[in-house]
Structures are given as structure tokens and as C-alpha cells.
Amino acid sequence: MAVREMFTGMPWWVKWIAVPVIALAVFGGLITSAIVFVISLLFKVLLFVALVGGLVFLVRKFMASSGSSRGDW
């Protein structure tokens with residue numbers, strides 16, 4: 001409640017412009033690094049899924065083309 005009382009007498013531009021700009025200036029690097037981390041993690045997960053999918057596709061294609069030699073394994 002103390003924060004709400006503190007902002008009660010302030011103009012609208014302090015609440016909606018000045019405070020977010022100060023927060024971005026202080027925590028901007030942290031926010032940027034967190035966003036970069038999430039995007040790079042998402043990219044790595046998608047790359048992993050694509051590589052595993054490609055491997056499964058190649059193995060199935062190879063196994064289908066050598067259907068007569070399946071029993072050799």
C-alpha cells in the first residue's frame with residue numbers, strides 16, 4: 001500500500017513514462033540477456049529436433065531400401 005500512496009499525488013507521466021524508462025535503464029542489460037538466453041535456447045531445441053528428425057528419416061529410408069537384409073542384424 002505504501003507504493004500506491006506514494007504514486008497517488010504524482011502526475012500520469014511519472015507513472016506511465018518515467019518509471020518504466022528508469023526501470024529499462026537500470027534493468028535493461030538483464031532483460032536483454034534473459035531474452036537472448038531464451039531465444040538461443042529455443043533455437044538450440046529446434047535445431048536438436050530437426051537433426052533428430054533428419055536422422056530418423058534417414059534411418060527409416062535406409063532400412064526400407066535394404067528390406068531384404070533386415071534379418072542380418
Side-chain angles (χ1 to χ4, degrees):
M1 285 298 217
V3 175
R4 187 173 290 180
E5 293 170 2
M6 187 170 55
F7 281 121
T8 301
M10 298 287 172
W12 66 270
W13 58 269
V14 172
K15 294 184 231 179
W16 300 106
I17 296 174
V19 172
V21 166
I22 292 171
L24 282 176
V26 172
F27 298 109
L30 180 65
I31 293 169
T32 303
S33 64
I35 290 172
V36 167
F37 174 74
V38 168
I39 290 173
S40 90
L41 184 64
L42 180 64
F43 175 75
K44 288 177 183 178
V45 167
L46 289 174
L47 182 65
F48 175 75
V49 168
L51 289 174
V52 169
L55 179 65
V56 168
F57 174 76
L58 288 176
V59 168
R60 285 189 178 182
K61 188 172 183 176
F62 175 75
M63 295 298 276
S65 68
S66 62
S68 61
S69 64
R70 261 191 182 165
D72 296 343
W73 288 89

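Apart from V52 itself, the hydrophobic cluster it occupies contains F48, V56, where clustering links Ile, Leu, Val, Met, Phe, Trp and Tyr at side-chain heavy-atom distances under 4.5 Å. When hydrophobic side chains of Ile, Leu, Val, Met, Phe, Trp and Tyr are connected at separations under 4.5 Å, V36 ends up as a singleton with no cluster partners.
For I35, the side-chain contact (heavy atoms from CB on, under 4.5 Å) partners two or more places apart in sequence, or in a different chain, are I31, I39. Scored by the side-chain contact (heavy atoms from CB on, under 4.5 Å) test, V59 finds L55, M63 as partners (sequence neighbours excluded).
Between S33 and L30, the shortest heavy-atom contact is OG-O, 2.9 Å.
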Let me check something: any side-chain donor-acceptor pairs from residues 6-27 under 3.5 Å, sequence neighbours excluded? List them with distances.
residue, atom, partner, partner atom, Å
T8, OG1, R4, O, 2.7
T8, OG1, E5, O, 3.4

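For the atom pair L46 CG and L51 CG, the distance stands at 11.0 Å (nearest 0.5 Å).
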